[in-house]
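Quick note: residue numbers are just sequence positions, from 1. Values reported hereafter were calculated over all heavy atoms of this structure, with side chains retained and with hydrogens, waters and symmetry mates removed.
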Amino acid sequence: MYSKKFGRILLGFYSHNTNVLSVIQRRLATCPFSWSSACKHRKQLLQRTTIVSSERSVLLCQMSTQSASNTTVDPEELRRFQALASKWWDEHGEFAALHSLNDLRVPFIRDNLMSLHRECQPGRPLGGLKILDVGCGGGLLTEPLARLGGHVLGVDPVENSISLARLHSSSDPELGGRLRYRACTVEELLGSEEDVRGEEKEAGEGPFDAVVASEVVEHLADLETFAFCCGHLIKPGGSLFITTINKTNLSYALAIVAAEQILRIVPQGTHDWDKFISPADLERLLEPHGFSVLTVQGMLYNPVTGSWCWSDNTEINYALHAVKAAEEPPHRQAEPEGRA
């Protein structure tokens, strides 16, 4: 996610996407940084991505026949979020954009789940559903999902974030029976699920009706392991919700060239363009694990109002809803002839 300060400086980029690169080029004319070197750097990244993509196909085949053994945790990302763990519930701080993103992502999750689960309870549209929030941080999205009636488990590898999430939720006694947190990775959770398989589980534990990974996958070290775990943690017919950053020229220009190399708003190396993923690549990643993508919707952030809106443009941020294939219905014996 971009910082609030970054959003203000890049005002107008979202509404005039076609002019973004020309604006950056004009800025480059007055600074020692070379646009041609930036393009050359991006070309090298693309070449490296092509190699990684071919390796990914092999890894997907291997992952489909073995348990997850790799880790989704990037040590650099872990250290970065450890430093920010105390700031999750500051609505005007580093996570301000995530607070306002709830205006889109909560209804997106709710409405899509309601369309699949018709037996909704009045006032609690997610009542009875088990939901896993991966990379939950301080619980910014976890709490609203629990207030809609869901039995929600939030997991995050940063223990300080989980401690803050528990503390914040403790002020609302109504959440006590439906909201739980664990300081672990998704692969560690899968391992514990397998260890207790066949035993009675606490409310909120898998298999899950839905897994949510909002603004998470662009920080993971291993997307294949993430997809593998989701495929095993979600029930047949269950949902996977992801919001993330696309891998496009525009996302490279904004998150890498402008933010780090020209404007120096964030330290160089904060964003890793190799970790961004397009909707098409994300769909290809999920398909071997039994998922079918139903919806991909673009999202745009307005730095003036601090709010988000839906868009047909998926070049920067987007939301994705995929559904895991349901189990085949039991074979029905043919009715004898002559019966209606």
Side-chain angles (χ1 to χ4, degrees), residues 1 3-4 71-75 77-110 113 124 126-127 129-193 201-206 208-220 226 229-230 233-234 240-244:
M1 297 301 303
S3 67
K4 190 172 182 180
T71 178
T72 58
V73 175
D74 183 324
E77 299 282 2
L78 189 63
R79 284 191 285 270
R80 184 175 298 115
F81 282 101
Q82 283 174 337
L84 295 171
S86 64
K87 303 179 180 181
W88 280 106
W89 287 97
D90 181 0
E91 296 185 12
H92 305 289
E94 284 82 349
F95 298 113
L98 287 182
H99 281 271
S100 60
L101 184 57
N102 276 357
D103 292 339
L104 293 190
R105 57 185 178 176
V106 172
F108 181 74
I109 296 167
R110 178 199 64 201
L113 286 177
R124 290 188 175 180
L126 303 184
L129 298 182
K130 293 182 178 181
I131 302 172
L132 172 65
D133 185 8
V134 177
C136 65
L140 272 59
L141 178 58
T142 327
E143 281 194 18
L145 295 177
R147 289 194 177 90
L148 291 175
H151 289 276
V152 188
L153 173 63
V155 299
D156 196 285
V158 180
E159 293 188 9
N160 289 345
S161 294
I162 291 297
S163 297
L164 181 64
R166 287 173 177 155
L167 178 63
H168 191 273
S169 64
S170 65
S171 62
D172 188 346
E174 292 187 4
L175 296 175
R178 298 193 305 275
L179 177 59
R180 296 174 55 247
Y181 290 104
R182 286 184 61 179
C184 68
T185 64
V186 66
E187 59 269 21
E188 290 170 344
L189 178 65
L190 176 60
S192 65
E193 290 289 312
K201 299 179 181 180
E202 298 180 51
E205 292 190 353
F208 297 92
D209 297 288
V211 168
V212 179
S214 184
E215 308 308 297
V216 169
V217 300
E218 66 269 25
H219 301 293
L220 299 182
F226 167 78
C229 294
C230 289
L233 287 168
I234 297 177
L240 174 62
F241 296 95
I242 294 174
T243 69
T244 188

Task: Option among L179, V212, L129 that satisfies the side-chain contact (heavy atoms from CB on, under 4.5 Å) test with V152 - done: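 The residue from L179, V212, L129 that satisfies side-chain contact (heavy atoms from CB on, under 4.5 Å) with V152 turns out to be L179.
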
Task: Passing option when C229 is tested against L189, T72, V186 for side-chain contact (heavy atoms from CB on, under 4.5 Å) - done: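 One option only clears the test, and that one is V186.
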
Close side-chain approach of [X] and [Y], heavy atoms under 4.5 Å:
| X | Y | result |
| --- | --- | --- |
| D209 | L113 | no |
| I131 | H151 | no |
| F226 | E187 | no |
| L153 | F208 | yes |

TODO: Using side-chain contact (heavy atoms from CB on, under 4.5 Å) as the criterion, list what pairs up with S170, not counting sequence neighbours.
DONE: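 With neighbours one apart ignored, the set is L167.
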
- [ ] List for me each residue that meets side-chain contact (heavy atoms from CB on, under 4.5 Å) alongside D74, sequence neighbours excluded, and say none if there are none.
- [x]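 Testing D74 for side-chain contact (heavy atoms from CB on, under 4.5 Å), a comparison that skips the adjacent residues, returns E76, E77, A221, K275.
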
Which pairs would a plain distance check flag for residues 157-164, meaning a side-chain donor or acceptor within less than 3.5 Å of a matching protein atom at least two apart in sequence or in another chain?
from, atom 1, to, atom 2, distance (Å)
S161, OG, W88, NE1, 3.0
S163, OG, E159, O, 3.0

Open item on the list: Please report the interatomic distance NE2(H99) to CG(L101), rounded to the nearest 0.5 Å.
Closed with: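 It comes to 11.0 Å.
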
TODO: Looking only at non-hydrogen atoms, find the nearest pair between R182 and S192 and report the distance.
DONE: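 Nearest pair, atom of R182 first, then S192: NH1-OG, 3.3 Å.
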
TODO: Taking all non-hydrogen atoms of both residues into account, name the closest pair between T244 and E218 and its distance.
DONE: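 For T244 versus E218, the nearest heavy atoms are OG1-OE1, 2.7 Å.
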
With a 3.5 Å cut-off and sequence neighbours excluded, list the donor-acceptor pairs that the side chains of residues 136-146 form with protein atoms.
from, atom 1, to, atom 2, distance (Å)
T142, OG1, D133, OD2, 2.7
E143, OE1, R147, NH1, 3.2
E143, OE1, R147, NH2, 3.0
E143, OE1, H168, ND1, 3.4
E143, OE2, H168, ND1, 2.7
E143, OE2, S169, N, 3.4

- [ ] Take the angle between the ring planes of F95 and F81 and call it parallel below 30°, perpendicular above 60°, tilted in between.
- [x]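 Taking F81 first and then F95, their aromatic rings lie parallel (interplane angle under 30°).
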
Open item on the list: Using the rule given for side chain to side chain donor-acceptor pair (under 3.5 Å), can you reason through R105 versus S214, listing the C-alpha separation, both sets of side-chain angles and the distance that settles it, and then say yes or no?
Closed with: CA-CA 8 Å; R105 57 185 178 176; S214 184; 2.7 Å; yes

Open item on the list: For L148 and R124: C-alpha separation, side-chain torsions, deciding distance, then whether side-chain contact (heavy atoms from CB on, under 4.5 Å) applies.
Closed with: CA-CA 5 Å; L148 291 175; R124 290 188 175 180; over 6 Å; no

Open item on the list: Among residues at least two apart in sequence or on other chains, which ones pass side-chain hydrogen bond (donor to acceptor under 3.5 Å, both in side chains) with R110?
Closed with: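 Listed in chain order: nothing, the list is empty.
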
